[in-house]
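Numbers restart at 1 for each chain; the letters A, B, ... are given by sequence-line order, proteins then strands.
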Protein chains: 2
Amino acid sequence: MQKTEDIDNRERLARFLKVLGDSNRLGIALSIGKEARSVTEIVRASGLSQTLVSFHLRIMREANVVRTERHGHFIYYSLSDTSLLEVLSRLSQMLNGKKLLMEKTPEPVRRPRLKAWRK
Amino acid sequence: MQKTEDIDNRERLARFLKVLGDSNRLGIALSIGKEARSVTEIVRASGLSQTLVSFHLRIMREANVVRTERHGHFIYYSLSDTSLLEVLSRLSQMLNGKKLLMEKTPEPVRRPRLKAWRK
DNA sequence: ATATAATATGAGTATAAACTCATGTGAAAA
DNA sequence: TTTTCACATGAGTTTATACTCATATTATAT
């Protein structure tokens, strides 16, 4: 049994992962990187429409993945915590290190081999 | 401009994050931990129905988040890469370290302060 | 061969998420 | 004070995801 607090933390983490678990949002986060970027810059870098970029930025903003600061006409977005980049980089290494997701054939579930195991 | 390979990697990473970006699946992953656990054990630990657990396990299996090994009646699930746990732990720290997601009030977008910044 | 225990799966439904369009807003410039 | 630039937003549509139910499969025990 898990404490309510743990469940809260888990849900918070899941929510955060879900926000990053979208190719466009992940691309936006990566294009922001350690800098502060205006929406226009992000639009240009991502190739997405302004509306779509704003749509995703709102989601990221509400999840506190990004922060904003206005300067004249421009609103600059930056990552709330740039150490996120290291975590993502580490995950990416995991995925490309053929330990995860890289194998062409998923593990079979039916008809696995029956060799003795555990006990 | 990004290379096709980068986009592939990004999409793979996003897909992976999306799989973990669900509270039930994250709970399942955490309940598996460094061990190998049968579906029955996971059902008991999670409190979810067997069907729902199997439903999510399939998604995790197809994303190579988990591996399976059958032993008699039982099919044991384990994390494909247990170092995932460290990454999750680090992310969780980020979120509870009030750098991300913990602030009660999201950053305002309209009416930000206008102090000189950048240049 | 039949029954049973553990788990998977296809099909359906409900909900949520992604995306688009048209329009609104805030700040600065003309 | 009107226009323009950069960006946001509400509403609507499409697509995807989560979940459930009934049933199938696989291995073991009887």
Nucleotide N/O of nucleotides 18-22 of chain D paired with protein N/O under 3.5 Å:
residue : atom : partner  : partner atom : Å
dA18(D) : OP1  : Asp22(B) : OD2          : 3.4
dA18(D) : OP1  : Arg25(B) : NH1          : 3.3
dA18(D) : OP1  : Arg25(B) : NH2          : 2.6
dA18(D) : OP2  : Arg25(B) : NH1          : 3.1
dC19(D) : OP1  : Asn24(B) : ND2          : 3.3
dC19(D) : OP2  : Asn24(B) : ND2          : 3.2
dC19(D) : OP2  : His56(B) : NE2          : 2.6

Exercise for the section: Report yes if at least one side-chain N or O of Tyr77(B) is closer than 4.0 Å to OP1 or OP2 of dA6(C); otherwise report no. Expected result: no
Please list, pair by pair, any protein nitrogen or oxygen found under 3.5 Å from a nitrogen or oxygen in nucleotides 1-5 of chain D.
residue : atom : partner  : partner atom : Å
dC5(D)  : O2   : His73(A) : ND1          : 3.3

Handout entry: Length of the CD-P vector between Glu62(B) and dT17(D), whole Å
Key = 12 Å
Handout entry: Which atom of Arg37(B) lies closest to which atom of Glu41(B), heavy atoms considered
Key = CA-OE1, 3.2 Å
Fill in the blank from the handout: Interatomic distance, CG@Asp22(A) vs CE@Met60(A), rounded to 0.5 Å, equals 9.0 Å
Exercise for the section: Look at the side chain of Arg70(A) and the backbone N and O of Gly72(A), then say whether any donor-acceptor pair between them is shorter than 3.5 Å. Expected result: yes
Handout entry: Options dA8(D), dT9(C), dA27(C), nucleotide nearest the side-chain atoms of Arg70(A)
Key = dA27(C)
Handout entry: Atom pair distance, as rounded to whole Å: CG in Leu57(A) and P in dA8(D)
Key = 6 Å
Problem - Minimum-distance pair of heavy atoms, taken over all atoms of Tyr77(A) and Ile32(A) - result: O-CG2, 3.7 Å
Problem - Distance, rounded to the nearest Å, where Met60(A) contributes CE and dA8(D) contributes P - result: 12 Å
Handout entry: Candidates His56(A), Gln50(A), Arg58(A) - the one meeting side chain to side chain donor-acceptor pair (under 3.5 Å) with Ser54(A)
Key = Gln50(A)
Exercise for the section: Answer yes or no: does a side-chain N or O of Arg44(A) lie under 4.0 Å from OP1 or OP2 of dA6(D)? Expected result: no
Exercise for the section: Could you tell me whether the side chain of Thr82(B) and the main chain of Lys34(B) form a donor-acceptor pair under 3.5 Å? Expected result: no
Problem - Interatomic distance where CD1 belongs to Ile75(A) and P belongs to dA28(C) [whole Å] - result: 12 Å
Problem - Atom pair CD1/OH of Ile42(A) and Tyr76(A) - distance to nearest 0.5 Å - result: 11.0 Å
Practice task
Flag the pair Ser83(A) / Arg90(B) as yes when at least one side-chain heavy-atom distance between them is below 4.5 Å, and no otherwise.
Solution key: yes
Handout entry: Spacing of Tyr76(B) atom OH relative to dA8(C) atom P, expressed in whole Å
Key = 13 Å
Handout entry: Ile28(A) CD1 - dA18(C) P separation (whole Å)
Key = 11 Å
Handout entry: Inter-residue atom distance Ser92(B).OG - Leu85(B).CG, 0.5 Å rounding
Key = 12.0 Å
Practice task
Determine: side-chain N/O of Arg58(A) to OP1/OP2 of dA17(C), distance under 4.0 Å, yes or no.
Solution key: no
Fill in the blank from the handout: When rounded to whole Å, the CD1 to P distance for the pair Ile42(A) and dC7(D) reads 8 Å
